[in-house]
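Here's the structure we're looking at; comments come further down.
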Amino acid sequence: VQLQASGGGLVQTGGYLRLSCAASGRKFSDYAMGWFRQAPGTEREFVAAIDWSGKSTYYADSAKGRFTISRDNAKNTVYLQMNNLKPEDTAVYYCAAQPASRYRLGQRYDYWGQGTLVTVSS
C-alpha cells in the first residue's frame with residue numbers, strides 16, 4: 001500500500017485543518033488506518049485510528065474531543081479533521097495502514113506515508 005498524506009500547513013491557535021491520506025496499490029478496505037505525529041525532538045506518537053469500515057474509531061487522550069478520523073473507502077482516503085488546534089499539536093503527521101484484523105490489537109503498522117507538517121502558531 002502506498003500512502004500520500006497532505007493538508008498540513010500553518011494555522012493559528014484555535015484554528016482547524018483537515019489532513020488527507022490517499023492510498024493506492026491494494027484494496028483499501030482490507031486495512032485499518034491510523035494517524036501518528038512526531039514533534040521535533042520527540043518520539044512518534046499515536047493520534048487516532050479507524051477500522052476498515054469506518055464504524056469504529058479510537059483516539060489518544062490529546063486528540064479526544066478535538067480531532068475526528070474518518071475514511072471514504074470509495075475514494076481510498078482517510079481523513080483527520082483537527083479543530084481547536086494548539087501549539088503543542090505542531091508536528092509532522094503521518095498516516096499508516098495495518099491489516100484490518102489487527103485493528104486495536106497493537107500499533108504495529110505495515111505501511112507509512114511520508115508525513116505532512118502541521119504548525120500551530122500561538
Side-chain angles (χ1 to χ4, degrees):
V1 177
Q2 290 79 49
L3 302 173
Q4 181 75 35
S6 62
L10 174 64
V11 63
Q12 293 185 334
T13 296
Y16 63 91
L17 283 174
R18 188 176 81 155
L19 306 184
S20 299
C21 175
S24 62
R26 295 196 179 184
K27 187 179 178 184
F28 185 57
S29 58
D30 283 347
Y31 295 89
M33 301 296 296
W35 284 97
F36 292 76
R37 68 185 183 185
Q38 187 169 21
T42 69
E43 294 186 353
R44 186 171 58 198
E45 64 176 5
F46 169 77
V47 176
I50 189 167
D51 78 337
W52 72 272
S53 69
K55 294 179 180 179
S56 176
T57 61
Y58 67 102
Y59 299 88
D61 287 345
S62 59
K64 288 178 182 176
R66 299 188 301 126
F67 294 2
T68 302
I69 187 171
S70 61
R71 67 190 292 161
D72 185 336
N73 286 346
K75 295 183 178 179
N76 293 344
T77 301
V78 62
Y79 305 96
L80 185 68
Q81 177 69 41
M82 305 187 295
N83 298 328
N84 190 22
L85 283 162
K86 305 174 182 179
E88 51 264 43
D89 295 318
T90 295
V92 176
Y93 283 71
Y94 299 90
C95 58
Q98 65 178 185
S101 60
R102 209 184 293 161
Y103 176 68
R104 300 211 73 154
L105 296 179
Q107 294 178 3
R108 181 167 60 91
Y109 284 73
D110 294 354
Y111 304 98
W112 293 83
Q114 85 291 356
T116 185
L117 176 63
V118 172
T119 303
V120 184
S121 64
S122 57

Quick one: disulfide bond (SG atoms under 2.5 Å apart) pairs with a partner in residues 15-109, sequence neighbours left out? Cys21-Cys95
Disulfide bond (SG atoms under 2.5 Å apart) pairs touching residues 35-90, sequence neighbours excluded, are none
Go through the structure and list residues passing side chain to side chain donor-acceptor pair (under 3.5 Å) with [X], not counting sequence neighbours.
X	value
Lys55	none
Arg102	Asp110
Gln2	none
Ser70	none

Would you give the length of the straight line joining atom [atom1] of [X] to atom [atom2] of [Y], rounded to the nearest 0.5 angstrom?
X	Y	atom1	atom2	answer
Arg104	Ser56	CZ	OG	6.0 Å
Thr13	Leu85	OG1	CG	8.5 Å
Thr77	Met33	OG1	CE	9.0 Å
Leu3	Tyr31	CG	OH	9.5 Å

Residue pairs passing the ring pair (Phe, Tyr, Trp, His ring centres under 6.0 Å) test where at least one lies in residues 81-103, sequence neighbours excluded: Tyr58-Tyr103
Pairs in or reaching into residues 59-90: which pass ring pair (Phe, Tyr, Trp, His ring centres under 6.0 Å), with residues at least two apart or in two chains? none
Side-chain heavy atoms of Trp35 within contact of Met82, under 4.5 Å: no
Give me each pair satisfying salt bridge (charged side-chain N to carboxylate O under 4.0 Å, His left out) with a member in [range], each pair once, sequence neighbours excluded.
range	answer
residues 71-81	none
residues 3-23	none
residues 25-37	Arg37-Glu45, Arg37-Asp89

Under a 3.5 Å distance rule, please check whether Asp51 uses its side chain to pair with a backbone N or O of Gly54 as donor and acceptor. yes
Using a 3.5 Å cut-off and no angle test, enumerate the donor-acceptor pairs between side-chain atoms of residues 114-122 and protein atoms at least two apart in sequence or in another chain.
| from | atom 1 | to | atom 2 | distance (Å) |
| --- | --- | --- | --- | --- |
| Gln114 | OE1 | Ala5 | N | 3.2 |
| Gln114 | NE2 | Ala5 | O | 2.8 |
| Thr116 | OG1 | Gly8 | N | 3.0 |

Linking I/L/V/M/F/W/Y whenever their side-chain heavy atoms sit closer than 4.5 Å, directly or via other members, would Tyr111 and Leu19 fall into one cluster? yes
